[in-house]
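Throughout, a chain's letter reflects where its sequence line sits, starting with A, and its residues are numbered from 1.
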Amino acid sequence: MRLGAQTKKAFLRRGIFSGMILLAAVLQNTPGLFPEIFGVPAMLLIPAVVCTGMYERDIPGLFYGLLAGVVWDIYSAGPPGLNAVMLMTFGFVSGALIGTVMRNNLVTALLLTASAGVAYNTVYWFFAFVLKSYDGAMQAYLTFYLPSVLYTVLLMPMFYFIVKAVKNKTG
Amino acid sequence: MRRFLKSTGFKIFLAVFAALLAGTVVAAVSNSNSAPQTSAAGTVFGPLQRFSSAISNRLSDFSINFKSSASLAQEKEELKNQIADLTDKLVDYEQAKQDLKLYEEFLGVKKENPSFVFVSAPVIGRDPADLFFALTLGKGSLHGVRVNDPVIYGKYLVGVVTSVMPAQCKIGTLLDPAVNVGAYEISTREGGFVTTTGELSRKGLCRLPGLVKTTAVAPGATVVTSGIGGVFPRNLIIGKVNEIVDDPADISSYAVIEPGVDATDLEDVFVIVSFEGQSGVAGAGE
């Protein structure tokens with residue numbers, strides 16, 4: 001069985017996107033590998049999933065999000081499976097919105113990444129602080145979780161242009 | 001909207017969502033506290049994690065080489081190479097010295113506590129969204145690690161295993177408010193349990209509450225584990241008292257404690273998988 005040129009390109013593209021997500025996971029979760037700003041880390045998997053979902057649409061976006069979330073769950077101190085559920089949803093929703101009501105451009109990517117970042121950090125903060133009634137919850141949200149969204153959004157264009165270039169090269 | 005809800009994509013989304021929720025339920029009722037999909041992914045991606053962790057550790061060496069080369073950019077090539085070579089050796093020497101010190105401490109702990117059975121484990125990851133310094137270690141149930149096993153660095157307590165996958169485990173450190181450790185201060189023998197709060201945790205501190213107003217515990221005193229509860233063995237060092245504070249909630253005081261090890265700076269730790277008096281209590285800490 002010989003693969004057609006388009007199929008080969010699709011396999012190549014999916015391989016590159018999966019590799020990019022794994023690389024983002026390694027950079028994000030290995031202590032000391034990716035710089036933190038004043039103790040605030042970037043959550044690289046969020047823009048990686050959103051941008052991939054935007055270019056690959058809903059169903060592939062769902063599976064890229066699932067891959068990213070399951071890998072993140074290996075390191076996560078949050079509720080079991082939370083990252084898989086959240087990132088799968090981000091990948092699916094990004095793809096579905098671009099396929100129906102939004103245009104695919106940098107501003108949209110910014111909006112979707114910021115929304116996903118706020119949603120992720122708010123849910124995580126809710127489970128980590130609010131549900132357990134720990135003190136300093138609001139301070140943690142304002143000085144750690146929201147700045148982390150900002151840092152993540154600032155890094156988003158890097159993923160957007162990588163995904164765009166790969167998509168353009170591989171159809 | 002109706003067409004979207006009836007689309008194949010949305011049906012697949014719901015199916016995967018339901019499967020993940022089922023995995024979460026399985027994790028909640030299992031002893032490992034880990035979802036099946038996470039355990040499977042942990043096994044598959046274990047080597048990748050160890051590789052990235054090794055790269056991260058080597059990067060600190062690289063920065064030393066880089067600095068040396070940059071500052072001596074005007075020197076002759078031969079001299080630069082020599083310096084880089086010596087720097088490499090110095091880094092190796094410092095690393096070996098540190099390792100030796102660590103193993104000497106472990107040997108001391110082992111001699112003092114012959115019942116301890118250790119598993120050495122590299123720190124391979126940290127969740128960036130977690131503020132309480134939870135760590136992922138490169139050893140899991142295949143190596144005999146179980147939930148609630150204590151984790152140490154030399155004679156110092158680091159934390160406790162909170163969930164286990166086949167090739168990895170996650171630990172909650174002393175800076176996690178969910179971790180409680182039975183403890184006492186060695187000179188006055190005043191005891192209680194060491195825990196932390198959201199605010200203290202961000203400052204890298206924990207506390208020993210429930211001390212009487214007239215407590216004899218003073219700054220600089222050492223706090224160790226009491227062994228009560230059977231989760232942690234007795235006499236592991238937790239840290240030193242920074243200050244004594246009147247508790248605004250009642251008429252007691254509490255000691256603010258600085259843990260003996262910096263959880264953010266660990267590369268290798270030891271998990272105590274068995275010790276005399278160990279109980280099989282579930283939950284984080286005592």
Side-chain angles (χ1 to χ4, degrees), chain A residues 22-23 25-34 36 39-45 57-59 61-63 66-67 69-85 88-89 92-93 95-96 99-100 120-121 124-125 128-129 132 134-137 139-140 143-145 148, chain B residues 4 7-10 12-13 16-17 20-21 23-24 26-28 33-35 37-42 45-46 48-49 51-53 55-57 59-60 123-136 162-163 165 168 170 172 176-178 197-202 264-267:
Chain A
L22 291 180
L23 184 66
V26 165
L27 285 173
Q28 172 189 288
N29 296 317
T30 307
L33 209 54
F34 199 81
E36 294 183 356
V40 174
M43 294 168 190
L44 301 175
L45 283 171
R57 297 295 187 266
D58 51 359
I59 297 177
L62 181 153
F63 287 106
L66 185 63
L67 170 71
V70 168
V71 174
W72 193 344
D73 273 330
I74 300 171
Y75 307 87
S76 176
L82 176 74
N83 294 288
V85 171
M88 178 201 70
T89 306
F92 177 76
V93 170
T100 51
Y120 178 87
N121 281 284
Y124 194 99
W125 168 78
F129 277 90
K132 294 175 182 170
Y134 291 157
D135 63 338
Q139 191 197 11
T143 61
F144 181 82
Y145 290 102
S148 176
Chain B
F4 172 72
S7 67
T8 315
F10 189 69
I12 292 174
F13 172 76
V16 178
F17 193 88
L20 289 174
L21 284 187
T24 304
V26 169
N33 282 348
S34 176
Q37 73 270 13
T38 312
S39 294
F45 295 111
L48 182 70
Q49 286 176 291
F51 178 67
S52 64
S53 179
I55 287 180
S56 174
N57 293 341
L59 274 180
S60 55
V123 176
I124 58 170
R126 203 198 135 191
D127 182 5
D130 178 58
L131 263 176
F132 304 132
F133 305 98
L135 302 170
T136 305
T162 54
S163 76
M165 292 164 272
Q168 294 90 12
K170 292 175 200 166
D176 184 341
T197 63
E199 282 183 356
L200 279 177
S201 174
R202 291 202 73 187
T264 60
D265 201 29
L266 294 171
E267 289 177 12

Name the member of A/W125, A/Y124, A/F129 that forms the most heavy-atom pairs with chain B at distances under 4.5 Å.
-> A/Y124
Ignoring hydrogens and angles, tell me if any N or O in the side chain of A/D58 forms a donor-acceptor pair with the backbone of B/G9 under 3.5 Å.
-> no
Based on non-hydrogen pairs under 4.5 Å, which of B/A134, B/G23, B/G125 is most in contact with chain A?
-> B/G125
Does B/F13 reach the side chain of A/M88, with side-chain heavy atoms less than 4.5 Å apart?
-> yes
Under the side-chain hydrogen bond (donor to acceptor under 3.5 Å, both in side chains) test, which residues partner B/S7, sequence neighbours left out?
-> none
Checked B/S163, B/P177, B/S201, B/A35 vs chain A; the most non-hydrogen pairs under 4.5 Å come from B/P177
Under 4.5 Å, counting heavy-atom pairs only, tell me which of B/L21, B/D176, B/L200, B/L20 racks up the most with chain A.
-> B/L20
Do the two ring centres, one from B/F132 and one from A/Y134, sit under 6.0 Å apart?
-> yes
Among A/N29, A/V85, A/I74, A/L82, single out the residue with the greatest number of heavy-atom pairs under 4.5 Å to chain B.
-> A/I74
Can you name the side-chain hydrogen bond (donor to acceptor under 3.5 Å, both in side chains) partners of A/T100, sequence neighbours left out?
-> none
Can you say whether the rings of B/F10 and A/F92 are parallel (under 30°), tilted (30 to 60°) or perpendicular (over 60°)?
-> tilted
Tell me, side chain or backbone of A/S76 under 4.5 Å from chain B's heavy atoms, or both, or neither?
-> both
Sub-4.5 Å side-chain heavy-atom contact between A/W72 and B/P128 = yes
Expected output: side-chain B/D127 to main-chain A/A77 donor-acceptor under 3.5 Å | yes
Of the listed A/Q28, A/K132, A/E36, the one with the largest count of heavy-atom pairs under 4.5 Å with chain B is A/Q28
Which atoms of B/I12 approach chain A - backbone, side chain, both or neither, heavy atom under 4.5 Å = both
If you take all heavy atoms of A/G81 and B/Q37, which pair is closest and at what distance?
-> CA-NE2, 3.9 Å
How many angstroms lie between CE in B/M165 and CG in A/D73, if you round to the nearest 0.5 Å?
-> 9.0 Å
Where on A/F34 is there a heavy atom nearer than 4.5 Å to chain B: the side chain, the backbone, both, or neither?
-> neither
Between B/R202 and A/T143: side-chain donor-acceptor atoms closer than 3.5 Å = yes
Under 4.5 Å to a heavy atom of chain B? For A/L67 that would be side chain
Does B/T24 reach the main-chain N or O of A/P80 with its side chain, forming a donor-acceptor pair under 3.5 Å?
-> yes
Test item: A/Y75 side-chain N/O and B/I124 main-chain N/O as donor-acceptor pair under 3.5 Å | no
Segment of A/L66 engaging chain B (4.5 angstrom heavy-atom cut-off) | side chain
